> 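First, the structure itself, so that you have it in front of you.
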Amino acid sequence: MNDLQKRSWAEIRLPHIRHNYEAIRATLPEGCRFMGIVKADAYGHGALPVARLLQDAGADYLGVSCLDEALELRQGGIHMPILILGHTPYEYTGELISHDITQTVSALAKAREYAAAAEALGKRLKVHIKLDTGMSRLGFLCAGSYFDTGVENVLRSCLLPALEPEGIYTHFAVADESDADSQAYTRAQFDLFCRVTEAVRQRGGVSFPLRHCANSGAVIHQPDMALDMVRPGLLLYGYGDQDRPLGLRPGMRLVTTVSTIKFYEPGTCISYGRRFTTDRRTRMGVLAIGYADGLPRLCSNQCSFAVPGGFAPQRGNICMDMCMADLSELPQVDVGSEVELFGDRCDIYKLAQAAQTIPYELLCSVSKRVPRVYIEA
Ligand SMILES: *Cc1c(COP(=O)(O)O)cnc(C)c1O
């Protein structure tokens with residue numbers, strides 16, 4: 001980063017991500033593979049640096065959301081297997097094959113389109129079958145009365161000669177919630193997944209080398225659901241083990257700086273909308289970060305940030321490029337002082353709560369205006 005432009009930045013601690021990878025890996029059963037989820041620019045941490053780290057560390061697979069994300073990795077020299085978790089229009093089957101990218105297949109109609117496109121090229125497309133066991137998003141319907149048609153459609157897809165079915169998976173809706181009802185729901189999803197997979201094997205003789213369903217929540221709460229591969233995202237970036245059984249470390253620190261400091265008399269309105277008025281003589285700092293950088297406006301007047309010597313309460317509506325914070329009790333803070341929004345001293349879960357969201361959204365929202373500063377060691 002150019003020091004002259006020192007404004008706001010996201011410090012990305014690659015050794016922490018590597019530590020998290022190894023801590024997760026250490027909990028897995030013998031032989032279980034590891035798909036690192038690096039969609040959405042690796043949850044804001046930078047897809048290429050994180051993918052290089054995972055490739056180097058010995059991860060088995062990468063998971064991305066779409067073709068553009070997969071191509072970014074291939075163009076950056078990532079040669080390990082990549083699975084696209086979302087939809088790719090069949091017109092891009094040639095790109096998938098030529099870059100050796102594995103595609104999710106979530107319905108028979110799509111399987112037929114991919115197969116026709118691959119066949120026209122005289123090639124085969126590597127696919128993972130996705131089952132909808134209760135997330136009600138992408139995937140072959142197989143719950144309740146859909147069981148038999150689900151099994152049938154999976155089989156028909158797998159028997160298309162231009163498709164190479166390497167894996168089968170499902171996604172959990174509430175694996176990260178520890179209450180009994182949620183855990184039972186996850187257990188039911190898992191059981192349905194196993195029953196469909198078994199029926200596909202018995203009825204059609206198709207079995208899959210890679211059966212996978214465990215996201216971060218399941219890695220923590222349901223270690224017996226690891227099967228052949230796990231798919232953690234959030235854990236890699238240092239969150240999602242709130243009781244800290246794994247001792248994960250935050251991958252990102254979001255930092256800004258104090259641009260200016262002024263004293264206001266009592267009764268002074270702060271920022272747009274006059275949503276905060278000083279009730280005493282106040283030493284107010286202007287911070288060089290706003291909602292265009294990824295600090296949600298919903299946090300206005302609801303959060304505090306870590307500064308030298310303590311925590312500064314944020315005051316008034318958060319603007320596009322700036323926000324204000326009360327420094328009255330914090331004489332060590334000066335123009336240029338660093339302010340941490342989340343990372344080591346400020347818990348991302350607190351900020352997420354203030355923004356009525358989850359850490360995932362805060363991480364993904366750190367915008368491209370915020371330079372990523374990579375800490376290598
Ligand atoms: C995003 C995603 C994951 C990773 O989820 P985390 O909760 O971050 O571990 C795993 N599988 C699929 C299909 C996903 O879309």
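The structure presented is a predicted model; accordingly, all values stated were derived computationally and were not measured. We count ligands from 1, going down the list as the structure has it; atoms in each ligand are counted the same way.
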> Does the pair Asp41/Lys368 count as a salt bridge with the N-to-O cut at 4.0 Å?
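Lys368 and Asp41: not salt-bridged.
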> Below 4.5 Å, heavy atoms only, C-beta onward: do Asp176 and Ile220 meet side chain to side chain?
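They are not in contact (no side-chain heavy atoms under 4.5 Å apart), so the answer is no.
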> Please name all residues satisfying side-chain contact (heavy atoms from CB on, under 4.5 Å) with Arg281, sequence neighbours left out, ordered by chain then number.
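Arg281 satisfies side-chain contact (heavy atoms from CB on, under 4.5 Å) with Phe263, Glu265 once adjacent residues are dropped.
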> Test Phe34 against Tyr21 for ring-ring contact (aromatic ring centres under 6.0 Å, His included), laying out the working first.
CA-CA 9 Å; Phe34 191 109; Tyr21 166 76; 4.7 Å; yes
> Provide the full list of salt bridge (Lys or Arg N to Asp or Glu O under 4.0 Å) pairs with a residue in residues 66-83, sequence neighbours left out, each pair given once.
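Matches after skipping sequence neighbours: none remain.
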> Which pairs of nitrogen or oxygen atoms, taken one from ligand 1 and one from the protein, are under 3.5 angstrom apart?
residue	atom	partner	partner atom	Å
ligand 1	7 (O)	Tyr360	OH	2.6
ligand 1	8 (O)	Tyr43	OH	2.5
ligand 1	8 (O)	Leu234	N	2.8
ligand 1	9 (O)	Ser216	N	2.8
ligand 1	9 (O)	Ser216	OG	2.5
ligand 1	9 (O)	Gly233	N	2.8
ligand 1	11 (N)	His171	ND1	3.4
ligand 1	11 (N)	Arg231	NE	2.8
ligand 1	11 (N)	Arg231	NH2	3.3
ligand 1	15 (O)	Lys39	NZ	2.6

> List for me each residue that meets ring-ring contact (aromatic ring centres under 6.0 Å, His included) alongside Tyr61, sequence neighbours excluded, and say none if there are none.
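His128.
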